[in-house]
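Read the structure below first, then the notes.
Bear in mind the structure is a predicted one, so any value in this text is a computation, not a measurement. Throughout, protein chains are lettered first and strands after them, A, B, ... in sequence-line order, and every chain is numbered starting at 1.
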Amino acid sequence: MPEGHTIHRAARDQSKMLVGKLVDVSSPQGRFSEGAERLDGLKCIGIEAYGKHLLYLFGHHLALHIHLGLFGRFRTANIPAAMPRGEVRVRLRSPTHVVDINGPNTCEVLDAQTMAALLTRIGPDVLRPDADKERAWLRIHKSRAAFGQLLMDQKVMSGIGNIYRTELLWRARLHPLTPGNQISRAAFDAIWDDAVQLLQIGVESNAIITVGNVQKSRSRYGERVNIFGKTACPACKGDIEKFELLTRRVFVCQTCQATHQPHS
DNA sequence: AAGAATGTTATGTA
DNA sequence: CTACATAACATTCT
C-alpha cells in the first residue's frame, strides 16, 4: 500500500546523510531526463524542500530537482545496496548510502535561474518558517473559487495534497465548496496552523496521520484518517458524501461541515 | 489483470 | 486575463 509518499519532505529528512559528501548521480535504467553528468564529481551541499518539490543542492549553483508526483517513491539504504527495485530514475550514491528515486514526475538538473523561477512559481509552503502566509491569505480572501480548491492549489499555498485537504476541512468543520472570500481570517489561521501540525507529524512518521493516538506501525492505512475514503463520519455517525472537485475526490460530512450548502 | 491512485503541466475553448 | 475542461505523463498496488 502506497503510504505517505505525498510527504515529499520526508524524503529530504531521510536523505540528509548525503549532505556534505561527494554524491554520484546515476541512472540505473538510463531514463534520467537530462543533464545528470553536470553533477559529476560534485558535493551535495544541502537539501531543501519547497512544498512538494525537493532540491538536492550541489556546487556551482546546480540542483537536482525531484517531484515525486502521484506515484513516485524514494528509498534509502546502506552500502552495499541491493539492486534497484522497480523503475529507479536516479540513484544518489554517497560513500556510505544510496537513495533511490522511483518514478518521479520531475527529475531534472536546475541552475540558479531555473531554480529561482521554480520558487516564484509556487506559493508559501506551510512547513517553512519563512513562509509568506499573508500572500496565501490575500489570494484566498479575494477569490470566489471554492476554498477546497484553493487550499490544494500549489500556487496559492504549497504542501497540501488531496488527503490533507479533505481531513483539514473536516477538522475545521468547513464545507469544501465554501468560496474563498467567505472564509474568515480566524478560520484561515486555524487551518494554516492545523496544516503545519499535521504535516509535521506526516514528515516525522513518513505517513499521513490525521487522527490522534495512532502509531504508524500499529495501524492500517484506513485507521489513520478521519473521513478520507470513508462512508461514515466518526463524529456524528452520519453518511460521508463523496464528489469530485477538479477531478480529485473530496469527502465531506454534510452534517458536520454544513457551513455552505451546495445548490446543485 | 484492469483500474485506481496521496500530482502537475500544457493546451484548447468560452 | 480568468476559468474551466481535457489530455498527457509518471508507476505500483489490489
For atom CZ of A:Arg85 and atom C1' of C:dT12, their distance in whole Å: 12 Å

Nucleotide nearest A:Leu70 (side chain, heavy atoms from C-beta), chosen from C:dA10, C:dA5, C:dC13: C:dA10

Any-strand Watson-Crick or G-U partner of C:dC13, both distances under 3.5 Å: B:dG3

Note: A:Lys133-A:Asp189 ion pair, threshold 4.0 Å (strictly below): yes

Between P of C:dC9 and CD of A:Glu87, the distance in whole Å: 16 Å

Sugar-phosphate only, base, or nothing, as touched by A:Arg121 at under 4.0 Å among non-hydrogen atoms: sugar-phosphate

Interatomic distance where CD1 belongs to A:Ile163 and P belongs to B:dA4 [whole Å]: 17 Å

Ring-face cation contact, A:Trp137 with A:Arg139, 6.0 Å cut, 45° max: no

A:Glu167 and A:Ile227, any side-chain heavy atoms less than 4.5 Å apart: yes

For atom CG of A:Leu54 and atom P of B:dT8, their distance in whole Å: 12 Å

Separation of C:dA7 C1' from A:Leu246 CG (nearest whole Å): 14 Å

Nucleotide C:dA3, atom P - distance to CG of A:Leu245 in whole Å: 14 Å

Short side-chain N/O contact to B:dA5 OP1/OP2 from A:Arg249, under 4.0 Å: yes

Minimum-distance nucleotide (side-chain atoms of A:Phe71 versus C:dC4, C:dA10, C:dT12): C:dA10

Spacing of the P atoms in B:dA4 and C:dA7 (rounded, Å): 15 Å

Separation of atom CZ in A:Arg165 from atom P in B:dG7, rounded to whole Å: 9 Å

A:His67 side chain, from C-beta outward: closest of C:dT12, C:dC4, B:dT8: B:dT8

Distance in angstrom units between A:Ile66 CD1 and B:dT8 P, rounded: 15 Å

Atom CZ of A:Arg93 with >12 non-hydrogen neighbours under 6.0 angstrom: no

Under-4.0 Å side-chain N/O to phosphate OP1/OP2 contact, A:Gln154 with B:dT8: yes

Side-chain N,O (A:Arg73) to OP1/OP2 (C:dC13) below 4.0 Å: yes

Among B:dA5, C:dC13, B:dT8, the nucleotide that comes nearest once only the side chain of A:Asn105 is considered: B:dT8

Side-chain touch A:Ile101/A:Leu54, heavy atoms, less than 4.5 angstrom: no

